[in-house]
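All values below come from the heavy atoms of this structure, side chains included, with hydrogens, waters and symmetry mates left out.
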Amino acid sequence: MAELAQARHWHRQGDLARAIAAYRRALEADPHDASAWHDCAVALLQAGRPDQAAATAEQGLRLAPGHPDLLLVLAQARQRAGQPAEALASAAAATAAAPANPLGWLLRGRLEALSGADAAEASLRRAVALAPGLDEAWHYLGEVLQRQGRWDEAAQAYARAMRSQPGEIMNIGLCAERAGRLEQARQAYARMCALYPRRRDCLARLAHVEAMLCDFAAAQASTARLAALLEAGPGDPDDCPEPFALAHLPLAAAPRREAVRHYVRRILRRVPAPLPPRPPGHGPRLRLGYIGADFGRHAVGLLLRGLFAAHDRRRVEVLGYSLRRHDDPVAAALAAEFDVFHDLQGVPAETVARRIREDAVDVLVDLGGYTAGARPEVLALRPAPVQLGWLGFIDGHEAPWLDGLLLDGHVQPEDAPWPWSDRVLRLPGLLFPCGPLPSGTPDRARFGLPEGVPLLASFNNSYKLDAELVQAWVRILEQAPRAHLAVYLPAEARPHFLCAWQEMGGDAARLHLLGHVPFEAQADRAASCDLCLDAFRYQAGATALSAVAAGLPLLSREGDRPLARLGVAVNRFLGLDELVCTDTGQYIGRAAALANDPARLDALRARMRRAAAATGLFDPRRTAAAIEALAGRLAASASRTEARAP
């Protein structure tokens with residue numbers, strides 16, 4: 001007993017080495033003391049020796065089966081040792097042994113949340129019911145609800161956690177942003193930046209939402225602050241700006257690349273070891289898998305319609321892995337195109353990866369990258385011999401789990417700088433897939449648009465706009481005095497946009513702000529316009545293809561990164577080089593010239609329709625065949641490499 005008391009004294013003093021030695025002597029003298037086994041395991045865990053902590057807890061459990069405290073420390077040790085499934089099993093056993101212990105439910109819920117399992121909600125609600133002041137449980141409950149898109153409930157949970165963690169205001173801002181409450185999100189991010197002025201992740205979110213609000217001056221200032229912090233290095237291991245926000249902000253390539261690498265390192269820290277490798281190429285047909293969160297009524301989902309059905313079933317078998325459930329006709333139609341389709345919403349990452357591996361997928365195509373709902377940790381587990389990134393995130397990934405990014409020679413020309421480590425694989429022609437899209441019927445009266453005048457339009461998301469672009473639009477209208485401009489903007493972005501428009505000398509009488517309309521109605525609205533003016537730093541993708549289908553030419557300016565060449569790619573694929581401008585001055589001049597020459601616009605529209613038909617722009621087989629050919633070569637190469645391996 002004296003030895004045990006001494007061990008606990010040293011433990012309280014933080015002298016872990018002497019405490020562990022004393023615990024072991026005490027256990028040699030009395031191996032039946034479960035609390036001593038527990039305390040020794042805790043000390044080993046605190047000393048950074050999780051494997052030894054787990055072994056110690058297991059020894060104690062052999063002498064005291066079902067001891068809840070030993071089960072809890074075993075769960076923690078297994079988690080830190082990189083054994084998430086075993087950790088969760090131990091936590092579940094602990095809650096069964098002591099159902100009134102809120103800490104057990106907290107640990108179980110946290111492990112379920114980290115694995116992506118929706119079952120975490122019930123465990124965490126049990127924890128806060130037993131201990132309403134358990135702020136950590138409220139935090140993880142907020143994470144689970146946020147992942148399910150239950151924004152208001154998630155924000156309420158985070159607000160409860162703020163009693164001890166003021167940084168939860170960042171998560172409240174994320175929920176507000178996802179719910180479309182942009183000013184509320186901005187206020188939350190600003191509060192977070194005031195609390196932690198050197199946090200890169202909150203500055204990136206602030207700059208992003210300011211861009212969404214079209215508050216150009218504020219976004220520029222926040223981006224400048226973010227750039228200075230990124231130049232100083234990555235900082236805190238958990239301070240990782242999201243790559244999606246970094247992709248469109250005007251940041252230098254080198255610090256942006258390092259920030260993405262920092263984000264990738266955090267992903268790798270949170271996943272267990274990759275699955276054992278599976279030899280590729282053992283079936284009669286190539287097994288081609290697609291994984292993503294947007295198999296439904298989403299910009300990506302709408303582009304994918306018809307693609308999976310267009311694959312040649314003599315050569316490939318097509319499998320789909322949906323990370324987010326969609327309840328709409330587009331989702332049902334997409335699911336029906338696959339040979340095998342799995343709804344995996346809320347399924348832990350390791351389970352998703354094992355499902356893919358058990359399905360013997362040869363080539364896995366990730367459609368999400370770092371966008372909302374994506375699960376890069378699944379790819380990090382390496383469930384398939386060949387893994388590719390495509391479509392959802394058209395920028396550098398710095399992802400060691402990808403064998404290449406599918407781009408094309410227009411968005412990433414051979415001679416254009418590529419500051420990323422990712423291998424670029426160029427699809428022939430155009431990276432965008434596309435099935436038939438509605439051609440639309442012109443009807444300006446229906447949309448409250450002016451009759452009898454040249455009508456220019458922008459349908460891009462508001463965060464793609466910037467001050468240089470808006471100034472160019474003002475100058476276009478100055479040089480085309482009869483033209484009007486219609487701009488899609490969410491309601492909260494309009495005050496800042498109108499302020500900028502006025503300050504730049506824009507004619508308010510010729511500006512028409514547009515709201516959201518259903519996809520089918522958007523085709524009619526686009527068909528009612530004469531020329532679409534693309535953004536500069538993040539161009540139209542799905543929007544560009546919809547415009548072409550509606551007979552609306554798209555004027556674009558060539559940029560310095562893939563996202564700034566999306567509309568350019570569509571025009572060059574169609575052979576419409578006159579709609580690609582080299583600089584802003586040329587963009588202004590050509591837009592004005594086209595607006596002033598209706599006959600030239602009509603001729604251009606006719607050429608565009610002929611080019612779309614001749615190139616197979618709206619034929620899903622165009623892209624399906626390109627992916628089949630590329631995937632087949634990569635799978636064959638992987639098989640040869642496997643065969644040569646010792």
Practice problem: Show your working on ring-ring contact (aromatic ring centres under 6.0 Å, His included) between F573 and H410 and close with a plain yes or no. | Solution: CA-CA 8 Å; F573 176 74; H410 304 301; 7.1 Å; no
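- The nearest pair of heavy atoms linking H484 to A509 is CE1-O, 3.8 Å.
- Here the closest non-hydrogen pair linking N460 and A535 is ND2-N, 3.4 Å.
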Quiz item: F295 and F338: ring-ring contact (aromatic ring centres under 6.0 Å, His included), yes or no, with the steps?
Solution: CA-CA 11 Å; F295 294 115; F338 290 96; 5.7 Å; yes
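- The environment of R446 atom CZ is dense: over 12 non-hydrogen atoms of other residues, nucleotides or ligands sit within 6.0 angstrom.
- Between S462 and L489, the closest heavy-atom pair is CB-CD2, 4.0 Å.
- Seen from the ring of F536, R557 counts as a face-on cation partner, given the 6.0 Å and 45° thresholds.
- The side chain to side chain contact (heavy atoms under 4.5 Å, CB included) test with L367 singles out one residue from L303, L304, D294, I291, and that residue is L304.
- At most 12 non-hydrogen atoms from other residues, nucleotides or ligands lie less than 6.0 angstrom from CD of Q220.
- Using a cut-off of 4.0 Å between Lys/Arg side-chain N and Asp/Glu carboxylate O, R181 and D152 are scored as salt-bridged.
- Although no hydrogens or angles enter the test, the distance criterion places a donor-acceptor pair under 3.5 Å between the side chain of E628 and the main chain of D312.
- Ion pairing between R565 and D560 fails under the 4.0 Å rule for side-chain N and carboxylate O.
- A salt bridge does not link R257 to D422: none of the charged nitrogens lies less than 4.0 Å from a carboxylate oxygen.
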Quiz prompt | Verdict with supporting geometry, F244 and Y370, ring-ring contact (aromatic ring centres under 6.0 Å, His included) | solution = CA-CA 6 Å; F244 181 78; Y370 302 125; over 10 Å; no
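- In this pair, H397 and F393 present their aromatic rings perpendicular. The plane angle is above 60°, beyond the 30 to 60° band.
- Using a 4.0 Å cut-off between charged side-chain N and carboxylate O, E242 and R205 make a salt bridge.
- Between L594 and R600, the closest heavy-atom pair is CD2-NE, 3.6 Å.
- The existence of a salt bridge linking D328 and R297 is excluded, since no basic side-chain nitrogen approaches an acidic carboxylate oxygen closer than 4.0 Å.
- Among all heavy-atom pairs drawn from E177 and Y189, the shortest one is OE1-OH, 2.6 Å.
- Ionic pairing of R426 and D408 is not present here: no N-O contact between side-chain nitrogen and carboxylate oxygen is shorter than 4.0 angstrom.
- Under 4.0 Å is where a charged nitrogen must lie from a carboxylate oxygen, and between E520 and R525 no such pair does.
- Of the charged side-chain nitrogens involved, none lies within less than 4.0 Å of a carboxylate oxygen, so that R561 and D395 do not count as a salt-bridged pair.
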